[in-house]
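For reference, the structure discussed in these notes is given below.
Just so we're on the same page: letters track the sequence lines, and every chain starts at 1. Every value quoted in this text rests on a predicted model; they were computed, and no experiment measured them.
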Amino acid sequence: MNDEPKKPGQDELPADEGGAETTPESPEADAPEAAEADDQAKAEAKAKAEAVAKAKAAAEAKAAAEAAKPPWEKLPVAPEDEDATDDPLVAALREQHGEAIESAFLCAGDLRVQVARSAIADVCRSLKIDHDFTMAEDLCGVHYPGREVGEFEVVYHLYNIPENRRLRLKVAAGEGESVPTVALVHRGFNWLEREAYDMYGIRFEGHPDMTRILLWEGFNGYPLRKDFPVEGIDTGSAIYPEYYDESAGPVTGTGTGWRPQPPPEPEPEPGAAAGEAEEGEG
Amino acid sequence: MKRFLDKIMLLDLFAGLGITAKHLFKKKVTVQYPEERREPTHRFRGMFRLDEERCIKCTLCARDCPIDIIYIDWHQEVNPVTEKKEKVLDRFDIDVQRCMFCGLCEEACPTEPKSIWLTSKTYELATYERWQNLYVDIDELQDWKVRPEYTDKEVV
Amino acid sequence: MMESVLELLGPELYYGALTPALKIAVLLFVGILPVITYLVLAERKILGYIQVRLGPNRVGPWGLLQPIADVMKLLVKEDVIPNRAIRWAFILAPCLVVGPAFVIFAVIPVGPPAAEPGGLDLFITDVNVGLLFIVAMATIAVYGLIIGGWSSNSKFSLLGGLRSAAQMISYEVPQGFALVAALLLAGSMSMVGIVEAQKAAGVWFVFPQFLGFFIYFVAGVAESNRNPFDLPEAESELVAGYHTEYSGMRFALFFLGEYANMIVISAVAVTLYFGGWYRPFPNVEALSFLDFPFLPAGLVAVFWFAVKVFAFLFVYIWFRGTFPRYRFDQLMDLGWKWMIPLALLNIFLTALFKLVL
Amino acid sequence: MTEPGSGAQTLFDLKEMELNFGPQHPSTHGVLRLKLKVDGERIVDCYPIIGYLHRGTEKLFELHPYFQNVPHTDRMDYVAAATNNLAYVAAVERLFGLTVPPRARYIRTLLCELQRISSHLLWLATHAIDIGAMTPFFYTFREREIILDLFEEYCGARLTLNCMRPGGQPFDLTVGWEERCREFIDDFPSKIDEYEGLLTENRIWKKRTVGVGVLDPDVAVDYGVTGPLLRGSGVNWDLRKATPYEAYGEVEFDVPLGKNGDTYDRYIIRMEEMRQSSRIITQCLDKLPEGKIMAHRPRVMKGPKVGEAYAAIEAPKGVLGFYIVSDGKPGPYRCRVRPPSFMNLQVLPEMTRNHLLSDLVAIIGTTDIVLGEIDR
């Protein structure tokens with residue numbers, strides 16, 4: 001919006017992360033003043049370039065310019081998975097839990113370990129006790145409808161404060177399968193597991209208080225599942241059966257709800273006509 | 001010793017009383033709203049404005065709106081003067097009651113200068129009737145000034 | 001005119017009934033009620049100024065009509081009595097708070113007694129056990145709070161009522177003890193007598209009795225449930241404490257009671273420790289211009305009394321603008337472990353002092 | 001309550017009373033509801049009930065393209081919108097492999113630190129008013145207003161900033177913004193002294209806070225408590241230091257740590273954090289580089305076919321993390337928020353056990369929760 005052009009000479013900085021050492025006389029610096037100043041030189045260069053094989057040179061220059069650009073001017077490249085089976089932590093876990101550690105990848109700096117469903121509590125416990133992953137950072141569910149290994153995935157984030165290391169554990173669970181609770185290992189996972197249950201209906205076995213947390217106890221369905229409708233949810237029948245038929249409670253998205261309504265009838269406003277007239281002149 | 005003195009003489013409490021007493025005589029920061037008005041800054045995101053002539057009917061603003069409150073209908077028409085096909089707006093409505101003034105529509109607008117902008121410095125959007133007064137059509141978008149400024153006398 | 005009325009009624013009726021009734025009416029409707037309503041405005045204004053804002057300034061010039069608007073609003077508001085409340089107690093409680101606070105004004109001298117017999121005393125009555133009367137009356141107010149908290153049948157109200165009961169009972173003790181010391185010094189229980197004793201001694205009792213005054217005032221702040229001892233109605237904890245369920249005029253009565261209590265505490269402090277209606281240093285001739293000789297003496301007396309009381313009220317408001325709130329157990333701690341021993345020590349020292357003299 | 005005809009169970013017959021604290025209570029900072037079991041005023045048990053402000057933000061994230069989600073993040077921790085924006089865009093940038101230009105990084109740091117100050121000011125205001133001191137509220141809001149003015153000048157909004165985009169900043173600083181910011185920051189430490197003069201040494205304040213709501217460091221870590229709460233217990237974990245993001249690696253600042261883990265320590269820590277924030281802001285203003293503010297990025301940002309990223313930052317209330325799963329569509333497949341207040345609230349029953357009702361209020365204040373973030 002207000003991306004005011006900067007002076008081209010200051011485009012690159014000492015503090016950037018390596019690579020870009022060249023002075024940016026690159027044409028990418030789209031500053032009109034600079035373009036004017038360089039006009040003549042450009043014209044000459046153009047004339048010469050016409051003589052030689054134009055396409056090839058242009059391509060080369062482009063490639064060179066591309067390489068010389070600071071990282072934020074290149075097109076982004078999404079980080080990719082690297083196999084991390086030989087990571088010492090993974091190796092140690094493998095030793096302890098054997099086949100329960102299914103795979104391990106390193107992606108964008110985070111270690112990601114797929115764990116068998118039944119072993120997750122034990123893995124968390126050994127991570128906490130032996131490997132100092134004491135901080136319960138996050139737990140959430142993900143829904144992959146129709147996935148073979150299990151529709152749901154529970155993602156755990158653990159943090160090792162002394163080593164500043166984050167670990168992501170993943171557990172697959174099918175519909176109706178329950179995951180062993182880790183709320184007894186890290187008490188911080190208590191509410192997070194309740195939330196995952198609330199949102200996805202993933203049951204956690206052995207959890208001390210497996211109730212809904214954010215939604216109310218009479219809510220029908222699990223809203224973060226992919227097949228959950230965004231509009232037209234009945235919200236009352238389960239808890240007020242005496243008032244509402246099944247799945248016939250007050251439904252969101254109806255009545256005076258947030259549906260776009262037809263434009264209101266034009267109202268004869270005394271000021272409106274004058275305003276229109278003035279605006280017509282302008 | 002100092003601690004003891006403090007305990008007996010309640011110095012800590014008097015320090016607090018001193019600060020409040022000092023503020024008793026400081027300049028007050030209240031802005032007396034309907035009479036005094038704070039001028040919004042230049043980037044302040046307030047009420048929408050639309051310039052129909054600049055608008056190229058690309059509907060990017062409607063597409064970029066996170067809550068889909070911009071409704072645009074247009075049709076093509078042959079301009080009798082230039083004899084070229086032109087897009088003509090049928091409807092350009094904004095349901096301002098749901099608007100969260102994020103400014104993404106303004107950012108999406110490809111024309112230069114922008115044909116929809118929020119920096120109109122109008123922020124007195126409260127109304128008594130939601131549907132009637134906060135569903136603005138193209139006329140109101142082009143001239144919001146038909147609504148009077150708030151005063152402390154105005155009681156409907 | 002007064003003579004003709006005196007002749008008409010006869011001295012007994014005139015002195016026994018009419019004059020006190022008139023005085024009460026004047027005190028109540030010219031003195032206390034307007035003062036309380038404007039005290040609320042003053043509090044809001046001063047708090048506003050302390051908090052770098054302007055305070056109420058919309059109703060009338062500088063918000064001067066705000067209290068009237070407030071009173072109007074409270075009068076016309078719906079008076080809700082909760083379903084499960086115990087009705088008679090719910091209705092009785094606010095009266096129990098307001099009544100005693102007003103009754104105390106009967107014995108507070110805002111000016112000197114009549115210079116010649118038959119003249120106008122600037123107080124309603126001078127009881128020779130005035131101090132005792134004040135202590136006794138102040139005690140009744142606590143029933144109002146307890147009954148109000150209990151009869152609402154709401155848990156927050158109940159907690160507020162319990163707090164106020166504990167707080168007022170435990171702070172009445174040091175307050176009474178502090179008064180005892182002043183009484184020892186004055187040798188009289190009559191409020192007028194105490195003021196005169198101060199004049200005779202040539203010194204405000206606050207100087208020989210600083211500790212006593214301090215205890216009295218702190219206990220007084222606690223008695224009137226003001227910050228930093230406003231636990232019974234601690235907004236952030238108990239919503240509104242004992243008057244959570246009250247609304248409209250009944251709430252206004254509680255409100256009135258609180259502010260009347262503030263004025264009572266200040267007035268008693270002025271009478272006991274700051275020389276009552278006399279100007280500062282009443283025995284120093286050089287300052288006699290402070291008596292404003294061109295004005296009637298009674299008016300000047302009331303003026304000085306009022307100035308002193310307002311100084312106290314300002315301190316109340318200042319406290320409210322500055323201090324956090326005590327916790328319940330800490331309040332008890334302060335009351336029983338500090339205030340009462342200190343008050344006893346104060347009595348002991350005062351008695352010793354008297355004895356040595 | 002007394003049930004007519006149900007036997008003589010009045011309030012006085014119960015040994016323990018159940019008290020419904022909230023959701024409409026002056027000091028629950030929103031719509032938190034606590035089911036308390038109290039014995040007199042002593043809290044025997046405390047069961048938080050949340051969700052009154054649930055708006056399905058995580059579902060909303062799934063329904064919108066990446067860039068349209070930034071305004072939604074404003075509404076989570078609505079007193080610290082800039083840090084929410086940053087956490088979200090950081091996760092998106094990690095997912096896409098975007099690199100942010102240095103000037104944008106510095107501007108982000110500036111905004112986040114200003115936001116930290118403003119959030120802490122709001123915390124101080126409400127915390128003080130919970131404990132009964134009403135005046136700091138107005139003093140802090142006076143300063144907060146200046147910060148909001150700075151925000152307004154930068155991005156046009158005061159509260160729901162929507163001031164960051166994946167890949168950089170949408171706007172550059174306006175002319176004169178730096179001077180105004182510097183003016184404010186130079187003056188600000190003296191204002192902190194003012195607040196501290198009212199509270200820090202005050203005996204009533206100390207009595208109300210010292211030793212109240214003690215949080216053991218092991219318990220804190222176990223519960224996933226972060227932010228000033230965790231540091232108040234003496235655990236040195238500040239993501240700005242631990243894994244420096246944006247420009248935090250290039251500025252100097254200290255991380256204040258507490259010893260006792262009580263309310264007073266957390267108060268001191270937050271006050272010190274405000275000072276450190278102003279230090280960071282001064283350095284950022286000094287070092288502010290010139291250059292681009294937006295990285296080169298495609299107009300339609302489609303995520304990788306299979307990819308996920310987790311980015312966490314140190315928000316004013318603790319560690320705010322965003323976990324984004326992508327499936328190659330223009331919007332996230334799943335966007336999970338790790339709200340710091342949610343985890344910090346979880347430890348409330350531990351902290352309030354056997355405290356008095358007044359302490360409960362102080363402890364709720366010290367946890368610095370924002371229900372918009374807890375319920376999302």
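Looking at I129(D), only its backbone comes within 4.5 Å of chain C, counting heavy atoms on both sides. Looking at R142(D), only its side chain comes within 4.5 Å of chain C, counting heavy atoms on both sides. Looking at L356(D), the atoms closer than 4.5 Å to chain C (heavy atoms on both sides) all sit in the side chain, from C-beta outward. Contacts between N202(D) and chain C at a heavy-atom distance below 4.5 Å involve the side chain alone, from C-beta outward. For chain D, the nearby part of R53(C) is the side chain; its heavy atoms alone come within less than 4.5 Å.
Annotation: F210(C), atom CZ; neighbour count of heavy atoms from other residues, nucleotides and ligands within 6.0 Å does not exceed 12. Atom OH of Y52(D) has more than 12 neighbouring heavy atoms from other residues, nucleotides or ligands inside a 6.0 Å radius. Counting non-hydrogen atoms of other residues, nucleotides and ligands closer than 6.0 Å to CZ of F141(D) gives a total above 12.
When the candidates L47(C), D230(C), V52(C), L334(C) are compared by the number of heavy-atom contacts under 4.5 Å with chain D, V52(C) comes out ahead. Counting heavy-atom pairs closer than 4.5 Å to chain C, the top-ranked of the candidates T28(D), N20(D), D359(D) is D359(D).
To the nearest 0.5 angstrom, W318(C) atom CH2 is 12.0 Å from T135(D) atom OG1. To the nearest 0.5 Å, the span separating OH on Y326(C) from CD1 on I131(D) amounts to 13.5 Å.
The shortest distance between side-chain heavy atoms of R163(C) and S358(D) falls below 4.5 Å. Between K155(C) and V38(D) the shortest side-chain heavy-atom distance does not fall below 4.5 Å.
For the pair E41(D) (side chain) and F328(C) (backbone), a donor-acceptor distance under 3.5 Å is absent.
The two atoms that bring Y139(D) and I50(C) nearest to each other are OH-O, 2.7 Å, heavy atoms only. Residues R325(C) and D130(D) approach most closely at NH1-O, 3.7 Å, considering heavy atoms. Across all non-hydrogen atoms, the minimal contact from T322(C) to A133(D) is O-CB, 4.3 Å. Minimum heavy-atom separation, Q330(C) to K207(D): NE2-O, 2.7 Å.
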